[in-house]
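Note that these values count all heavy atoms, side chains included, but never hydrogens, waters or copies made by symmetry.
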Amino acid sequence: MATETVTASTQVYSPFKLTVSGEDWLDQLESQGYAVVKGAIPPERAQYYQQKAIEWLQSFDPALNPNDPSTWNAANLPIQTERNTYEHYSVVHEKFMWEARQEPGVLDAFTKIWGTDKLLVSFDSLNVTLPNLKPARAPWPHIDQAPRKRGLHCIQGIINLSHAGPEDGSLVVIPGSSKLVEEFFDTKTDPSTWQWKDNVYFDDKDMDFFTSRGLKPMKVLAEPGDLIVWDSRTIHWGGEPTQKSNTTRTVIYAAYAPAALASKESQAEKSRVFSVYGATTHWPHDNIKLRDLQASLPDGTPDPRHRPEPLEKPLVNEKVLQLAGVKPY
């Protein structure tokens, strides 16, 4: 929806609602705004995906040994975003990334969430965080749904490939916040400032609204092969590892939504992004925006290590084309 055609009062309400199903994780997703689907991927497959992610990192620095911190040279590693993720160098479309997106247990979980197996998937990023390689980032509480969008519009996902214990890096959520964000926007913000951008950050004063209602942050604990899912209205951020952690956090971000929710314009743009091996936002069906294809060095110059295509191209089968929005169901 074009920004110039809306008024301050314009809102878009979703027809979807999560219902109590009898499955613990689905019930928790509805009540708390997040859940962990245990064992969505077999352990051996999770190990395979983590190894492929490490090998991708080693393609930039062959000396890198994830078990030997003395070999970790930040200057030799590919450029990360401020969110500690990798989205350039065509990594979003590496073969192992698309294999993970097609894992039956992952697809099954999102099929249960949405009530359909005709899904689109986000062209989202890879996270390989070597513990304590750089200073820990302060929390950045945010949601990934515009204030104008009301109700359930997007469920995000993390395909977890490493142990995520109390000391390790993992997703941090504010359980229950998904049910309060709309009240926050309506009572604590000016509707004339609302935008369609599906990303809203909260400062300390904003967070007082939620903490005063007894809500507290919680690091999501998970094992390799688990799938973490959360409502885009749930306040969250990437939790940093503590000094005690020696775990290389490895996760693939993947969100799915019904293909029927995508407009013709979104489908066309998604197809274009797929053709150039590009990355988009967390959203699979809307807010389809091509992220910068080429990473920039700290001085602002283009990274000469730019890759216009993946090292290992994915097997482009019918399922990939459907998930990518290139071929209709």
Side-chain angles (χ1 to χ4, degrees), residues 50 52-94 96-97 122-142 144 156 158 161-162 167-172 197-204 236-254 273 276-283 287-312:
Q50 183 180 41
K52 295 301 291 185
I54 295 297
E55 289 175 4
W56 179 81
L57 213 58
Q58 290 170 328
S59 71
F60 292 86
D61 185 1
L64 174 72
N65 180 345
N67 299 314
D68 182 1
S70 69
T71 68
W72 301 353
N73 186 340
N76 292 343
L77 296 178
I79 303 297
Q80 284 184 313
T81 70
E82 62 178 11
R83 300 174 296 278
N84 295 336
T85 61
Y86 295 110
E87 60 187 38
H88 302 105
Y89 316 99
S90 301
V91 66
V92 170
H93 298 280
E94 286 286 343
F96 76 91
M97 296 282 282
S122 59
F123 301 156
D124 217 331
S125 51
L126 173 71
N127 186 328
V128 183
T129 300
L130 298 165
N132 305 308
L133 180 61
K134 57 183 182 180
R137 185 183 177 193
W140 62 103
H142 69 283
D144 292 299
Q156 296 171 238
I158 284 176
L161 306 176
S162 54
E167 306 295 337
D168 304 316
S170 187
L171 178 73
V172 175
K197 183 179 180 181
D198 288 304
N199 187 256
V200 181
Y201 288 87
F202 298 87
D203 60 25
D204 290 343
H236 63 282
W237 63 88
E240 298 280 352
T242 72
Q243 292 293 323
K244 297 180 181 179
S245 177
N246 60 4
T247 298
T248 297
R249 186 191 184 202
T250 314
V251 306
I252 294 171
Y253 298 90
V273 173
V276 295
Y277 300 114
T280 60
T281 67
H282 298 306
W283 284 57
N287 191 25
I288 308 299
K289 300 175 182 178
L290 175 64
R291 297 190 187 275
D292 290 338
L293 288 173
Q294 188 162 15
S296 297
L297 297 174
D299 64 3
T301 59
D303 188 343
R305 300 171 298 176
H306 171 68
R307 294 172 180 171
E309 59 185 35
L311 284 178
E312 289 188 272

Step-by-step side-chain hydrogen bond (donor to acceptor under 3.5 Å, both in side chains) determination, Asn127 to Thr85: CA-CA 5 Å; Asn127 186 328; Thr85 61; over 6 Å; no
Evaluate side-chain contact (heavy atoms from CB on, under 4.5 Å) for Glu309 paired with His93, printing each intermediate quantity in order. CA-CA 8 Å; Glu309 59 185 35; His93 298 280; over 6 Å; no
Between Glu55 and Leu57, is the side-chain contact (heavy atoms from CB on, under 4.5 Å) condition met? List the steps. CA-CA 5 Å; Glu55 289 175 4; Leu57 213 58; over 6 Å; no
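Within 6.0 Å of NZ on Lys244 lie no more than 12 heavy atoms contributed by other residues, nucleotides or ligands. Within 6.0 Å of the CG atom in Asp204, the count of heavy atoms belonging to other residues, nucleotides or ligands does not exceed 12.
Once rounded to the nearest 0.5 Å, the distance linking OG of Ser296 with CD1 of Ile79 reads 8.5 Å. Here the CG atom belonging to Asn67 is positioned 9.0 Å from the CG atom belonging to Asn246, to the nearest 0.5 angstrom. In this structure, Thr281 OG1 and Phe123 CZ are separated by 10.5 Å, a value rounded to the nearest 0.5 Å. One finds the OG1 atom of Thr250 at 6.5 Å from the CG atom of Leu161 (value rounded to the nearest 0.5 Å). The structure places CG of Asp198 at 4.5 Å from CG of Asn287, a figure rounded to the nearest 0.5 Å. Atom CG of Asp303 and atom CG of Leu297 lie 4.5 Å apart (nearest 0.5 Å).
Looking at residues two or more places apart in sequence or on another chain, you find a side-chain hydrogen bond (donor to acceptor under 3.5 Å, both in side chains) between Asp68 and Ser70.
Ring orientation note: the planes of Tyr253 and His282 are tilted relative to one another, at an angle of 30° to 60°. Ring pair His142/Trp140 is parallel by interplanar angle, where below 30° counts as parallel and above 60° as perpendicular.
Contact of the Lys134 side chain with the Gln80 side chain is registered, since non-hydrogen atoms from C-beta on lie closer than 4.5 Å. For the pair Asp61 and Asn73, the minimum side-chain heavy-atom distance is below 4.5 Å. No side-chain heavy atom of Pro241 sits under 4.5 Å from any side-chain heavy atom of Thr247.
Between Gln58 and Leu64, the shortest heavy-atom distance links the atoms NE2-O, 2.9 Å. Looking at every heavy atom in both residues, Ser90 comes nearest to Pro308 through OG-C, 3.3 Å. For Arg305 against Asn76, the heavy-atom pair with the smallest separation is NH1-O, 3.0 Å. For the pair Ala53 and Val128, the tightest heavy-atom approach, listed with the atom from each and the gap, is CB-CG2, 4.0 Å. Taking each heavy atom of Val92 and Met97 in turn, the nearest pair found is O-CB, 3.6 Å. Minimum interatomic distance between Glu167 and Thr242 (heavy atoms only, all atoms of both residues): OE1-OG1, 2.5 Å.
Taking the six-membered ring for Trp and the full ring otherwise, the centers of Tyr86 and Trp56 sit less than 6.0 Å from each other.
A cation-pi geometry, defined here as NZ or CZ lying under 6.0 Å from the six-membered ring centre and within 45° of its normal, does not hold between Arg307 and Tyr277.
A salt bridge links Arg291 to Glu87: one of the charged nitrogens lies within less than 4.0 Å of a carboxylate oxygen. Salt bridge annotation for Lys52-Glu94: absent, with no cationic side-chain nitrogen under 4.0 angstrom from a carboxylate oxygen.
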